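Input: a single structure, listed below in structure tokens.
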2 protein chains.
Amino acid sequence: MEQMTQLFKALSEEMRLRILMLLMHGELCVCDLMAIFNEPQSKVSRHLAYLKNSGLIKGRRVGKWMHYALKEPMDGVFQAQLDLIKTQLTHNPLFEEDLKKMEEEKKKKDRCGEDSAITKEDKNHGKRTDK
Amino acid sequence: MEQMTQLFKALSEEMRLRILMLLMHGELCVCDLMAIFNEPQSKVSRHLAYLKNSGLIKGRRVGKWMHYALKEPMDGVFQAQLDLIKTQLTHNPLFEEDLKKMEEEKKKKDRCGEDSAITKEDKNHGKRTDK
DNA sequence: TTTTCATATTCGTTTATACGGATATGATAT
DNA sequence: ATATCATATCCGTATAAACGAATATGAAAA
């Protein structure tokens with residue numbers, strides 16, 4: 001019950017909704033989100049912390065960057081809510097714009113942890129940092 | 001967008017969720033809700049006002065009573081959210097208990113505006129509404 | 001080790017919510 | 001008109017959220 005009200009509190013703030021909508025398409029790091037939203041770092045991090053505390057997302061460290069993704073496995077109730085929200089908000093111009101900016105951001109080579117996955121050996125001389 | 005965040009704010013409080021779950025089964029007046037929740041009148045009215053301002057419910061005056069019901073027609077996005085919430089919360093003990101108390105409350109004859117519906121003409125033609 | 005970079009967290013402040021008790025309002029009853 | 005009833009709203013207060021700027025932390029680079 002309290003988990004439920006906490007879920008809705010997490011969903012009741014615009015930036016948090018925007019973050020969740022983006023993470024439905026995959027992992028992102030804080031610097032990506034800062035670039036996409038053009039918002040100060042403390043604000044982005046604060047909302048990420050809120051989402052994490054609410055049980056919606058998880059973070060993992062990749063070198064000096066923090067990558068965030070939807071929590072896996074996601075609570076069934078939460079998942080159903082996210083599915084619904086996705087259908088309801090996907091065609092909203094604000095989110096479409098965010099998505100477009102995200103794609104552009106991902107194209108940029110030499111982003112934070114490079115393309116979010118591969119390419120770790122290059123800089124780490126073959127050593128793996130995790131995963 | 002703001003309508004969306006406002007919706008989630010409305011859903012992020014326990015009593016407001018309980019009220020909505022009950023109104024899915026039909027109209028109720030403030031005094032019913034006070035009795036079901038055993039909570040002070042100002043608290044119940046405050047949350048009803050919040051739900052009304054959020055566009056989820058409407059009130060109509062019936063004599064000296066105010067009857068509240070889900071807004072009709074309900075915004076499509078809102079309706080989908082309520083449908084989902086209903087499936088997710090129906091089997092929660094708290095809401096089951098509320099529902100049971102609601103039924104008991106409805107059985108009580110000589111409630112506020114009688115059985116929430118008909119009986120408008122009767123009492124407007126000189127019949128007593130309490131006793 | 002020292003510096004730098006990405007991010008988290010803290011600080012002081014502002015705004016929003018929530019609460020119970022008290023009072024205002026609007027309709028009916030006397 | 002006055003009283004009463006059901007409800008809305010206001011009061012003072014308490015807690016939670018939100019913000020940008022500043023600072024702390026932890027990993028990598030120099």
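By convention in this document, chain letters (A, B, ...) are assigned in the order of the sequence lines, proteins followed by strands, and residues within each chain are numbered from 1. Note that this is a predicted model, so its numbers are computed, not measured.
- Just one of A:R16, A:K52, A:E39, A:R18 meets the side chain to side chain donor-acceptor pair (under 3.5 Å) condition when paired with A:H47; it is A:R16.
- When rounded to the nearest whole Å, the span between CZ of A:R46 and P of C:dT10 equals 13 Å.
- Of the candidate nucleotides C:dA22, D:dA8, C:dC19, C:dC19 has the atom lying nearest to any side-chain atom of B:K43.
- Closest to the side chain of B:K64, out of C:dG20, C:dT7, D:dC5, is D:dC5.
- In this entry the distance linking CD of A:E13 with P of C:dT17 reads 12 Å, nearest Å.
- Of all heavy-atom pairs between A:E96 and A:T90, the closest is CG-O, 3.4 Å.
- If you find the closest nucleotide of DNA chain C to B:Y50 and to B:S42, the one lying nearer the 5' end belongs to B:Y50.
- Between B:Y50 and B:I19, the closest side-chain pair of non-hydrogen atoms is not below 4.5 Å.
- Closest approach to the B:W65 side chain among D:dA18, D:dT7, C:dT9 is made by D:dT7 (side chain taken as heavy atoms from C-beta onward).
- When each of D:dA18, C:dT17, C:dA8 is scored by its nearest atom to the side-chain atoms of A:H47, the top-ranked nucleotide is D:dA18.
- The number of heavy atoms from other shown groups lying within 6.0 Å of NZ (B:K58) is above 12.
- Across the protein-nucleic acid pair, A:N38 atom CG and D:dC19 atom C1' stand 16 Å apart, rounded to whole Å.
- Close to D:dA18, at under 4.0 Å from its OP1 or OP2, lies a side-chain N or O of A:R16.
- Not one side-chain nitrogen or oxygen of B:R61 sits closer than 4.0 Å to the OP1 or OP2 atom of D:dA6.
- Side-chain to base pairing of A:Q41 with C:dA8: one donor and one acceptor N or O lie within less than 3.5 Å of each other.
- Between B:D32 atom CG and D:dT7 atom C1' the separation is 13 Å, expressed in whole Å.
- Rounded to an integer number of Å, the gap from A:N53 CG to D:dA16 P is 14 Å.
- Taking the side chain of B:C31 as heavy atoms from C-beta on, and the options C:dG26, D:dT7, D:dG20, the nearest nucleotide is D:dT7.
- Among the nucleotides C:dT17, C:dC19, C:dT7, the one closest to any side-chain atom of A:M66 is C:dT7.
- Remark: B:K71 NZ is loosely packed, at most 12 non-hydrogen atoms of other residues, nucleotides or ligands lying under 6.0 Å away.
- B:L48 has its CG atom 13 Å from the P atom of C:dA18, to the nearest Å.
- Per the geometry, CZ belonging to B:R60 stands 13 Å off P belonging to D:dT7, to the nearest Å.
- Straight-line distance from the CE atom of B:M15 to the P atom of C:dA18: 11 Å, rounded to whole Å.
- The side chain of B:E39 lies closest to C:dG20, out of C:dG20, D:dA8, C:dA8.
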